[in-house]
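The structure appears right after this line, and notes come after that.
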Amino acid sequence: MAFQKPSHTFTKIHLKALHTNNFKILFALSFTVFINTLSFAQDIPKKGKTIERSKETLTINADSIIAPELSEKSQDTTLTDSVKPKKELLEHTVKYHATDYTRFNKTEHKLYLHNEATIDYGDMNIAAGTIVIDYTNNTVHAKGITDTINGYTQKPVFTQGSNVVEPDSIIFNTKTKKALIYNSQTEQGEGTVIAKVTKKQNDSVYFLKEAKYTTAEDLDDPEYYFRLRKAKIVPGKKIVTGFTNLYIYDVPTPVALPFGFFPQSEKQTSGLIIPSFGEQNNRGYFLQNGGYYFAISDYVDLAVLGDYYTNGSYGMRLESTYAKRYKFRGNVGFRYENLITSERGFPDYARNTIYNIRWSHSQDSKASPNSRFSASVNLGSSKYYRNSINQINSGSFLNNTLASSVSYSKTFLGEPSVNFSLTATHSQNTNTETINMTLPTFQGSVGRIYPFVPKTGSKKGIFQNINLQYSVRGENRISTTDEFFFKSEMFDDARAGFQHSIPLSTNFKLFKYFSVSASTNYNEVWTFKTEKQTYNAFEKQKETETLNGFDAFRTYNFSTSLGTTVYGMFNFEKEGTDRKIKAIRHVVRPSISYNINPAFDKYYETAEVVNADGLTQGELDAIYENVNLEYSRFQNGIFGSPNKNFSSSMGISVSNNLEAKVRDKDSTATEAKKIILLNNLNFSTSYNFAGDSLQWSPVRMSGGTQFFNNKMSVNFGATLDPYALDNNNNRIDKFNFDNGGSLFRLTSANLTTSWSISSKNGKSKDKSNDRGIQENIRSGGRDDDMFGVSEDFANQQFSEEGEESDDAENGLYSYSIPWSLRIAYAVNYSNSRRENQISSHSLMFSGDVKLSDKWSIGYSSGYDLKNAGFTYTQLRFERDLKSWRMNFSWIPFSDRTSWNFFIGIKSSMLKDLKYEKRRQPDIQL
């Protein structure tokens, strides 16, 4: 029989009435499915009536369960009893639902839930087509529904916390708390376990028979899997298996293990890093980039990696990354290689040690708005990137400079504000092996002060705009070489000093259209080292003695400038016509400046002549006449020496900008399209009124523009000298025009251009975030792939998948091949002393070709047009194998001829399952 649907949702249940109230029996029976998670057994009543429900949801509220009323005596006994009372029967709300019907069969002692049946209790949920609770055998059976149209549908989905199991069917035993799960699919970490039979021992242990473990997306036909004959799963922690081997498209491979262990931790964990192996001709077999990863905490980690070669060479890498949200992030790296060439006793035997230190630190802007700390360090051996044989450095060996900067700045708010900063810098030329450092540089400044500004209103006029500032700069500058780097000798020739500057300036409008500015500047330089020069008459050379002690000099100057902006518009469209070019706008910004620098010859003196015994007065006079003995004791100071000669000069500059309005190709556009013809075209020169000769400085011209919707940028420059050369190619005080030549001599010129193009269905991809490009930037190289990228494929992160085209999603063949091309061209001309030659002329290019959705080719190369030869060339091939990735890199020629083949699983958990084969170049040290 069936009851009417109750009008209320929550029903109070008295435990003492549990055997007599048939309606309440229904809820107790439904709760048995969750017994395995609650860790206690509940007896199911043996009596009851058949109950049917159609399209309803029944709920038991844990708060609605009322215990039997107790007498006062029993209440007092409970209150004084030392034994703690038992927990309430239900701790959560029990809910179950079925779309078609909910029926309790008295004869079979079973509860049936049919069509979209669900049961919820706490963090546990079962959803299936059919759920049957057999309270005689204490079992719960969940399965799908079979029909002739859709087949087997509504398979069970068992959810407990974050664990989800999707089997064909599942059987629970509510007393033993065990379960049998058939044909289940369970996500474990990054992978999925597909098992024919799974035995749930308890909440934390599962046993499997004939299972598959894979990270493939297509679980119906995975491209690879590990066959697990027998396995044990601890959800969220580990998978332990007996004999297992790799299958590729159901074909067994010889890649097998007597036992396997798959960690499933959701947090980062420490563990071994499997090395790559290979062979090099002059160093033998090797293992590279193997070591151990330390998951120190949620904020910092450490990877210790090493290389070993059978001829005795070895290398070591320490890489650490740290981060704290809304505070800072960074990474630290140390690399060291001890390289041996040939064998001991042979004439070509050599040993070389190289190292590199890198540190990058950035502070979140929210951490401290008024102070900031940042670091970008890249220093070490000048030959490190050139001689390193680790493939991670392959994209950086063309670097010729290393640079570092560590800075801290702070602002003190107020009126005026005060700022200061401390910076340590490092610059290293890897060709000359010279190193320049500042340890540290101190800079302080006081905000601009307007002493005559009114309390209300804006600043107007020459007096109200008068303002002054104060700034100080202190440096401790060091120049050394690789030989003395990190040694005490590097500090022997260190120079230190301070420079104080107080500029006073103002600006105003003249005749409405002209802007005038005027300023005077006071400088004071403090130094702690000066020099004294003498002339050794016997050796016929100058000798310099360094004097330690405080000294200072003071200078000042004056400057003013006058400028304006002129706009010109040229209209080409007449009434009734529709020309392509409608108008051109020309913006001209001329400027004239005047500067006065007084002569501070009081800081100059004449060197004393020593060892002059035996010289006649005439010989001494000849020394004073023919030898320049004048010097300044500050001339080798950190901020230079004061100006000796009076200077009164005028500067002239003109900047141009050209824009055009053209008819838009889009017929629906209502306005003309604006394009840039010349981004800038600048001319500048100066005239020295106080000079005796060569008063005009060369005219410097620079400009730039963009073409093809800003995809191609062009920059150019030139230097034009108005003076002629003599027969010895020296400048003379005679205009080139008066010497029978042109108005100007072209002494130098340069042109650089870059162009990024792609096919219509291709994308000019921004590679600035690629791992290889980031490695180039951190190593001090280019922010593109013109010189190639790192070949450390085993350490790449494959989290970002390529976007597939619409044709690929539809399963159609795409007849077009997407491609992209990046070109950089540079040419330099030199003719300052009649060389009349191209000093450098090169073309670099890189790009990608996507042969299919899975195949792509990348290339980086160039051609030296002056020396007629190809530059460093790298070809890259990549194949997306769904769950796997294959890479091949090839350098076809040069002394770095090599290739590198890699195939491995994308999943970070299984990234050590890889194969890599390389042929490395034989680098001559």
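Atoms considered below: every heavy atom in the structure, side chains included; atoms not considered: hydrogens, waters and symmetry mates.
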Residues forming a ring pair (Phe, Tyr, Trp, His ring centres under 6.0 Å) with Phe735, sequence neighbours excluded: Tyr723
Check whether the side chains of Thr411 and Asn419 place a donor and an acceptor atom closer than 3.5 Å, and report yes or no. yes
Tell me whether the count of non-hydrogen atoms from other residues, nucleotides or ligands lying under 6.0 Å of CG in Asn709 goes above 12. no
Mark yes or no for whether Asp726, through its side chain, and Asn728, through its backbone, hold a donor-acceptor pair below 3.5 Å. yes
Determine whether Ser713 and Ser754 satisfy the following criterion, side chain to side chain donor-acceptor pair (under 3.5 Å), listing intermediate values before the conclusion. CA-CA 6 Å; Ser713 62; Ser754 61; 2.8 Å; yes
Nearest heavy-atom neighbours spanning Thr705 and Ile676: OG1-O, 3.9 Å
Closest non-hydrogen atom pair between Glu630 and Tyr604, with its separation: OE2-CB, 4.0 Å
Test your reading of the model: is there a side-chain donor-acceptor pair from Ser632 to the backbone of Tyr603, 3.5 Å cut-off? yes
Contact check, side chains of Tyr829 and Asn836, non-hydrogen atoms, under 4.5 Å: yes
Exceeds 12 heavy-atom contacts within 6.0 angstrom, atom NZ of Lys866: yes
Return the orientation label for the His500 and Tyr470 ring planes: parallel under 30°, perpendicular over 60°, tilted otherwise. parallel
What do the steps show when you test Ser697 against Ser686 for side chain to side chain donor-acceptor pair (under 3.5 Å), and what is the final call? CA-CA 5 Å; Ser697 66; Ser686 64; 2.9 Å; yes
Find the distance between OG1 (Thr430) and CD (Gln428) and round it off to the nearest 0.5 Å. 7.5 Å
Does the ring center of Tyr567 lie less than 6.0 Å from the ring center of His586? no
Looking only at heavy atoms, which two atoms of Asn571 and Ala583 are closest? And how far apart? OD1-CB, 3.5 Å
Should the heavy atoms of other residues, nucleotides or ligands under 6.0 Å from CZ of Phe463 be counted, would the total exceed 12? no
More than 12 heavy atoms of other residues, nucleotides or ligands under 6.0 Å from CZ of Phe737: yes or no? no
At what distance, to the nearest 0.5 angstrom, does CZ of Phe570 lie from CD1 of Ile581? 13.5 Å
Passing candidate, side chain to side chain contact (heavy atoms under 4.5 Å, CB included) with Ser655, options Asn682, Val588, Asn680, Leu681: Asn682
Quick check against the 3.5 Å criterion: does Asp364 have a side-chain atom that pairs as donor or acceptor with the backbone of Lys366? yes
Taking atom types as modelled and ignoring hydrogens, do the side chains of Arg700 and Ser684 form a donor-acceptor contact shorter than 3.5 angstrom? no
Taking the side chain as every heavy atom from C-beta outward, state whether Val377 and Val406 have any atom pair closer than 4.5 Å. yes
Within the 4.5 Å heavy-atom criterion, are Tyr859 and Phe845 side-chain neighbours or not? yes
Separation of Asn467 CG from Ile449 CD1 (nearest 0.5 Å): 9.5 Å
Tell me the closest heavy-atom pair linking Asp692 and Asp733, and the distance in Å. O-OD2, 4.0 Å
Can we call the ring centroids of Tyr556 and Phe600 under 6.0 Å apart? yes
Whether Phe373 and Tyr408 hold their rings parallel, tilted or perpendicular, with breakpoints at 30° and 60°: tilted
Using a 3.5 Å distance criterion without hydrogens, assess whether the side chain of Asn736 forms a donor-acceptor pair with backbone atoms of Ser742. yes
Polar contact flag, side-chain donor to acceptor under 3.5 angstrom, Ser479-Asn436: yes
Interatomic spacing from OG1 in Thr685 to CD1 in Ile652 - rounded to 0.5 Å: 7.0 Å
Using every non-hydrogen atom in the two residues, find where Lys582 and Arg663 come nearest and quote the distance to one decimal. CE-CA, 4.1 Å
Tell me whether the count of non-hydrogen atoms from other residues, nucleotides or ligands lying under 6.0 Å of NZ in Lys674 goes above 12. no
Would a 4.5 Å heavy-atom cut-off, applied to side chains only, mark Val662 and Ile675 as touching? yes
Walk me through it: do Ser374 and Ser407 pass the test side chain to side chain donor-acceptor pair (under 3.5 Å)? CA-CA 6 Å; Ser374 63; Ser407 64; 3.2 Å; yes
Starting at OG of Ser559, measure out to OH of Tyr594 and round the result to the nearest 0.5 Å. 11.0 Å
Would you say CZ of Arg731 has more than 12 non-hydrogen atoms from neighbouring residues, nucleotides or ligands within 6.0 angstrom? yes
Aromatic ring centroids of Phe689 and Tyr687 under 6.0 Å? yes
Worked verdict on Arg833 versus Asn730 for side chain to side chain donor-acceptor pair (under 3.5 Å): CA-CA 7 Å; Arg833 297 178 62 87; Asn730 295 320; 3.0 Å; yes
Phe442 and Val472, any side-chain heavy atoms less than 4.5 Å apart: yes
So, for Arg372 and Gln363, which heavy atoms are closest and what is the spacing to 0.1 Å? NH2-O, 3.0 Å
Hey, could you give me the CG/CG distance between Asn557 and Asn521, rounded to the nearest 0.5 Å? 5.5 Å
